[in-house]
Amino acid sequence: MKIRARMTAYLERLREHGGTLPGRASADGTLVINWRHIGRILGCAESVRLTASGRKAIESGIPIADGAYLDTPATGRLEGRPWRPHGITFHEAPKLARLLSTACFVIIAYLSGARPGEVLNLRRGCIEHDNANSLWLMTGRHFKNAVDADGNKLPTGAPRRAPWVVIAPVARAVAVLERLHPHPLLFPNRITPHQQHLRDTKRRGDARTDNQIARDLAAFVTWVNTECQRLGRADVIPPDRRGLLAASRFRRTLAWFIRRRPRGLVAASIQYGHLHTRMLQGYAGSYDSGFPDEYAFEDWLYRLEILADDAQALQDGEHVSGPAADAYRHRVTAATRQFAGHVLTSDRQARDLLGNPLLQIHHGQGMTCVLDPAQALCRLRGTTDDPLVTPDTDDCRPQCRNIARTDRDIHHIRQHHRELGDVVDDPLAPPIRHDRERHELKRLQRILDAHQPENHQ
């Protein structure tokens, strides 16, 4: 009687919501009821098809679907359209769960600065929000240099002394994983449904390994590209010349973008520069994390590339003006002679070399800072006695003695000068803005006049 009551309620629910019976294709291609899935739903054996309850389903007149679709609707949308209009089938769910888990790994590994092994061993409850400081904090374990009191390596790692400071997308990815499965580890090597997990008396599984996550990343790329092809989209993930994507490359890629695209958007309105500031507030900003060394290596490569461009421009006759013009020419020439072709043997070596005064040339918009911390008028990032201190080029003060202006800077100033000229010439511009822009226009004109070579003879 219980099975009959459950079948009656199930069929009534399908009629009420316009649902379909779970189906499968028979050997001849005909759609038939998937009794095994009916059994899953009602908690009975698939032999229910031979009972009165089974006959009731057969005679119900409810259409049969082309698969065993889950009751949970697929509400996600892609550019305003449902990404799965007909829902998700029971047999698709485990694969999609694994892909969703991999997508969460990408977000956490890329945006936290944590090492792959540290991400793979995260546990439930690892995220908390510091309301007082408006910070998302992520706790976990570290494995590099994790030893006991006798100096023996700890295979299970050791708890972090300080948490990672992360951004909201990382916290959301962790929340998704905590809803996805009941395992204590966020990235178990097996993902099982909640009910099956409760019945399973076997070992629940350890964290995923580096090799497993590498295979998962490859499967994720393949799935994304297949979906793009199915939907007629061109934004596929291009093939990687290096082969399979290694999880360890996320940290270096993040360091690359932070150094070279600080104003680029990493998540909605969040810029890489903001992300870097957040990371430096927690474990990812400490030298134990290793991330500052990753960033230093990218900074080193970037500065050498810029140095090569600066040296070539001077060689081609580029003019330099401003109070730090002589220091600029000296540093570019001397640094090129000292560092061109220099090979690094470790990331930490890059951090040590970045403190060399010859490399303290920082290009901004319409200006170049030839940094001498003692003369800087901007708000420095770091202390004046820190060899890795950098200027805030967005806060550059016109009276600073560290300013040099190359022809490339002047090109930017000239363009800004033309734009301000249009505002000043506009009779409809508000008087307050008109006066402010006229004052700025005169300042820029003085810079342009001072840059003329005849004024330096």
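Since we're looking at a predicted model, the values are computed, not measured. The residues of the chain are indexed from 1 along the displayed sequence.
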S26 and D28: CA distance, side-chain angles, deciding distance, side chain to side chain donor-acceptor pair (under 3.5 Å) verdict: CA-CA 5 Å; S26 63; D28 61 0; 2.4 Å; yes
Check against side-chain contact (heavy atoms from CB on, under 4.5 Å), D422 and R418: CA-CA 7 Å; D422 293 338; R418 285 196 296 267; 5.6 Å; no
Chi angles and distances behind the side-chain contact (heavy atoms from CB on, under 4.5 Å) call for C369, I361: CA-CA 6 Å; C369 177; I361 297 175; over 6 Å; no
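Of the inter-residue distances, the one linking R331 atom CZ with T368 atom OG1 reads 12.0 Å to the nearest 0.5 angstrom. Between the CE atom in M367 and the CD1 atom in I410 there is a gap of 12.0 Å [rounded to 0.5 Å]. Interatomic distance, R215 CZ to I213 CD1, rounded to the nearest 0.5 Å: 10.0 Å. One distance of note links CD1 of I237 with CG of L217; it measures 9.5 Å at 0.5 Å rounding. Considering CD of E227 and CG of L99, their distance stands at 9.0 Å, rounded to 0.5 Å. One finds the CG atom of L120 at 6.5 Å from the CG atom of D210 (value rounded to the nearest 0.5 Å).
Applying the side chain to side chain donor-acceptor pair (under 3.5 Å) rule to Q229 yields no partners; only residues at least two apart in sequence or on another chain are considered. Shown here are the side chain to side chain donor-acceptor pair (under 3.5 Å) partners of R24, two or more places apart in sequence or in another chain: there are none. For N34, there are no side chain to side chain donor-acceptor pair (under 3.5 Å) partners, not counting sequence neighbours. Every residue meeting the side chain to side chain donor-acceptor pair (under 3.5 Å) condition with D372, not counting sequence neighbours, appears here in chain and number order: Q375.
When atom types are taken as modelled, the side chain of D409 and the backbone of T406 share a donor-acceptor pair closer than 3.5 angstrom. The closest donor-acceptor contact from the side chain of R124 to the backbone of H183 lies under 3.5 Å. In this structure, the side chain of S101 does not engage the main chain of A97 through any donor-acceptor pair within 3.5 Å. In this structure, Q212 contributes its side chain and N189 its backbone to no donor-acceptor pair below 3.5 Å. Panel note: side chain Q360, backbone N356; a donor-acceptor pair is recorded below 3.5 Å. Side-chain N or O atoms of H129 include none that pairs as donor or acceptor with a backbone N or O of A171 at under 3.5 Å. The main-chain N or O of N131 is never found under 3.5 Å from a side-chain atom of S134 such that the two would form a donor-acceptor pair.
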Scan the side chains in residues 60-72 for donor-acceptor partners under 3.5 Å anywhere in the protein, sequence neighbours excluded, and list what turns up.
unit_1, atom_1, unit_2, atom_2, d
S60, OG, A57, O, 2.7
S60, OG, I62, N, 3.3
D66, OD1, Y69, OH, 2.7

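Minimum heavy-atom separation, C378 to D392: SG-N, 3.5 Å. S112 approaches V166 most closely through the heavy-atom pair CB-CG1, 3.9 Å. Here the closest heavy-atom approach between residue L31 and residue A25 is recorded as CD2-N, 4.3 Å. Heavy atoms only, all atoms of each residue included: R208 and P188 are closest at NE-O, 3.1 Å. Nearest heavy atom pair, residue V370 against residue A404, reads CG2-CB, 4.0 Å. Looking at every heavy atom in both residues, N121 comes nearest to G117 through ND2-O, 2.8 Å.
Residues T336 and L307 form a side-chain contact, since some pair of their non-hydrogen atoms from C-beta on lies under 4.5 Å apart. No side-chain heavy atom of L177 sits less than 4.5 Å from a side-chain heavy atom of L100. Contact annotation: the side chain of L21 never approaches that of W35 to less than 4.5 Å [non-hydrogen atoms, C-beta and beyond].
Ion pairing between a basic and an acidic side chain is recognised when a charged N comes within 4.0 Å of a carboxylate O; R414 and E419 show no such pairing. The residues D310 and R408 are annotated as salt-bridged, a charged nitrogen and a carboxylate oxygen being separated by less than 4.0 angstrom. Using a 4.0 Å cut-off between charged side-chain N and carboxylate O, D240 and R242 make no salt bridge. Here E92 pairs with R84 in a salt bridge; the nearest charged N to carboxylate O distance falls below 4.0 Å. A salt bridge is absent between E298 and R251; no separation between the charged side-chain nitrogens and carboxylate oxygens falls under 4.0 Å. Salt-bridge formation is detected for the pair R303/D299: a Lys NZ or Arg NE/NH1/NH2 atom is positioned less than 4.0 Å from an Asp or Glu carboxylate oxygen. Ion pairing of E12 with R15 is absent here, as no side-chain N (NZ or NE/NH1/NH2) approaches a carboxylate O to less than 4.0 Å.
Atom CZ of R36 sits in a sparse spot, with 12 or fewer heavy atoms from other residues, nucleotides or ligands closer than 6.0 Å. The local environment of CZ in R379 is sparse, with at most 12 non-hydrogen atoms from other residues, nucleotides or ligands closer than 6.0 Å.
Legend: ring-ring contact (aromatic ring centres under 6.0 Å, His included) pairs involving residues 95-124, not counting sequence neighbours, sorted by first then second residue: F105-F187.
Residues F339 and W300 place their aromatic rings such that the two centres sit under 6.0 Å apart.
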